[in-house]
Structures are given as structure tokens and as C-alpha cells.
Amino acid sequence: MQSLKLTSFSPAETKVIASEIAMLLKGGEILFFEGPIGAGKTVMVKEIVKNFGIKKTPVSASFSLLKKYKGKKINLYHADLFRLEEREMFNLGFEEMLEDENAVLLVEWPEPAKNFFPKTRLEIKVTLLEGDKREITLKALGKKAENLLEVLRRNLCKR
Ligand SMILES: Nc1ncnc2c1ncn2[C@@H]1O[C@H](COP(=O)(O)OP(=O)(O)OP(=O)(O)O)[C@@H](O)[C@H]1O
Ligand SMILES: [Mg+2]
């Protein structure tokens, strides 16, 4: 299974989806968060970081492109590449982060990173519907992401 379409009716429901994803992260994963301003990308990122027992809270911060959150075993990196050009991807710290095998990388507005990052990743697209309704589409690229998505689908069905 390569993609999964979910509907969320509230921030709380989106957080449940995010924490179910967080539980499956073992290090080495790249997650892309796509969708318009105010869709809920950072809501998901915050919840994932929180699930790793990290007290610091990520923000939708365009002033800091890459932030590192040190966990016990896994380091989480949150990047917001809003309006960044592909050629500006260099020397921002991504090279070092991609060498960190225990890292989980969470990228909002990932467009400039599409060619720069490995092709194995989970792409999460949040679409705005009326009111608090959101459509969350998860797409797996590569075997590792496909396996994660399969387990996620089963876990969400059990709830
Ligand atoms: N179903 C929902 N899921 C997620 N967030 C929701 C939902 N319904 C309403 N919201 C609200 O939408 C807002 C989403 O904000 P958030 O900062 O996560 O957006 P974003 O996608 O990161 O935008 P930006 O591109 O500006 O970074 C929050 O205020 C949140 O409470
Ligand atoms: Mg954001």
C-alpha cells in the first residue's frame, strides 16, 4: 500500500494521527509536510516532537530554517523551507543531519528539498476543507516508508 487518505475533523484528531505516526518512527525517516498556510503541518510536527518526550515546542518559524531537538536515542530536526530556493539548500546544516542515522527529519514546505533529500520518505499532504475539516493524505516513497504506512493503517483501524 503506497498511500492512505484520512479525514480529520479537529486539531485533536490530527494530533492522534501524528502521535500514531510518531510511535512508528525508529530513526532515519524523512517526513514531508505539504499543504497551504494554516493547514495543520506544524500541529502535526509539534505532536510528533512531543511524543519523543521533548519539552521544547516547535513553532512555524520562518526565521529559523532548521531546528534540532535532542531526544534520548533519536534526534528530531524540524525544517521550514517556506519560500526557500533549491540553490539555497546548501550550507544550512542539512548535510550533517542527513549523516545522522538516528535522525528523524520533519520538513514543512519541502518543495526545494525534493531533489536534495533521499527518495525514501513519507509525504504528508494536509488539505483545508470547510471549518476544521482536513484531508490528510499520506504517500510512501520507498520500502521503509511503505512498511510504516501499512502498520499505521492497521493501527488506525484498531482505534
Ligand atoms: N483538523 C485540524 N487539524 C489541524 N489543525 C486544525 C484543524 N482544525 C483547525 N486547525 C487549526 O489550524 C491551524 C493550523 O496551524 P499550523 O501552524 O499547524 O499550520 P501550518 O500548516 O503549519 O501553516 P504554515 O504553512 O503557516 O506553517 C491551528 O490553529 C489549528 O488549531
Ligand atoms: Mg507551519
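One-based numbering, in listed order, for ligands and for the atoms of each.
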(message) Taking atom NZ as the centre, does Lys119 end up with more than 12 heavy-atom neighbours from other residues, nucleotides or ligands that are less than 6.0 angstrom away?
(response) yes
(message) Considering Glu47, Lys41, Glu135, Lys133 one by one, which has a heavy atom nearer to atom 25 (O) of ligand 1 than any of the others?
(response) Lys41
(request) Report yes or no: does Trp109 have a heavy atom closer than 4.0 Å to ligand 1? (result) yes
(message) Could you identify the single nearest non-hydrogen protein atom to atom 31 (O) of ligand 1 and state the distance to 0.1 Å?
(response) Pro11 CG, 3.6 Å
(request) Please report the shortest heavy-atom distance between Thr7 and Glu13, naming the atom on each side. (result) O-OE1, 3.7 Å
(message) Within the 4.0 Å heavy-atom shell around Glu108, which atoms of ligand 1 are there?
(response) 22 (O), 27 (O)
(request) Return the residue, atom name and 0.1 Å-rounded distance of the protein heavy atom closest to atom 18 (O) of ligand 1. (result) Val43 N, 2.9 Å
(message) Return the closest protein heavy atom for atom 1 (N) of ligand 1 as residue, atom name and distance.
(response) Asp132 O, 2.7 Å
(message) For Glu123, is there an ion pair with Arg121 - N to carboxylate O distance below 4.0 angstrom?
(response) yes
(message) Is there a polar contact, in the sense of an N or O pair closer than 3.5 Å, between Gly38 and ligand 1?
(response) yes
(request) Name the closest protein heavy atom to atom 10 (N) of ligand 1, giving the residue it belongs to and the distance to 0.1 Å. (result) Arg134 NH2, 3.2 Å
(message) Distance under 4.0 Å to a non-hydrogen atom of Pro36: what atoms of ligand 1 satisfy this?
(response) 21 (O)
(request) Answer with yes or no after comparing the ring centroid distance for Phe117 and Phe94 against a 6.0 Å cut-off, counting only values under it. (result) yes
(message) A side-chain contact here means heavy atoms from C-beta on lying under 4.5 Å apart; do Leu31 and Ile124 qualify?
(response) yes
(message) Can you tell me if Glu13 contacts ligand 1 (heavy atom of the residue under 4.0 Å from the ligand)?
(response) no
(message) Could you tell me if the side chain of Tyr77 sits less than 4.5 Å from the side chain of Leu66, heavy atoms only?
(response) yes
(message) Less than 4.0 Å from atom 29 (O) of ligand 1, is there any heavy atom belonging to the protein?
(response) no
(message) I'd like to know if Leu152 and Phe52 are part of one continuous hydrophobic network [Ile/Leu/Val/Met/Phe/Trp/Tyr, side-chain heavy atoms within less than 4.5 Å].
(response) yes
(message) Within the structure provided, determine whether Val49 and His78 are in side-chain contact (heavy-atom separation under 4.5 Å).
(response) no
(request) Looking only at distances, please establish whether an N/O atom of ligand 1 is found under 3.5 Å from an N/O atom of Thr14. (result) yes
(request) Find all atoms of ligand 1 within a distance of less than 4.0 Å from any non-hydrogen atom belonging to Ser8, and give their numbers and elements. (result) 1 (N)
(message) For the residue pair Asp100 / Asn75, report whether a side-chain donor-acceptor contact shorter than 3.5 Å exists.
(response) yes
(message) I need the nearest protein heavy-atom contact for atom 26 (O) of ligand 1: residue, atom name and distance, please.
(response) Ile37 CG2, 3.6 Å
(message) Considering non-hydrogen atoms of the protein only, which is the closest contact for atom 27 (O) of ligand 1, and what is the distance?
(response) Ser60 OG, 3.0 Å
(message) I'd like the atom name of the N/O/S atom in Glu108 lying closest to the Mg ion (ligand 2).
(response) OE1
(message) Would you say NZ of Lys56 has more than 12 non-hydrogen atoms from neighbouring residues, nucleotides or ligands within 6.0 angstrom?
(response) no
(message) Which option wins on minimum heavy-atom distance to atom 19 (O) of ligand 1: Pro58, Gly40, Gly35, Gly131?
(response) Gly40
(request) Could you tell me whether Glu34 and Lys114 have a side-chain N and a carboxylate O separated by less than 4.0 Å? (result) yes
(message) Checking a contact table here: which protein heavy atom is nearest atom 22 (O) of ligand 1, and how many Å away?
(response) Thr42 OG1, 2.7 Å
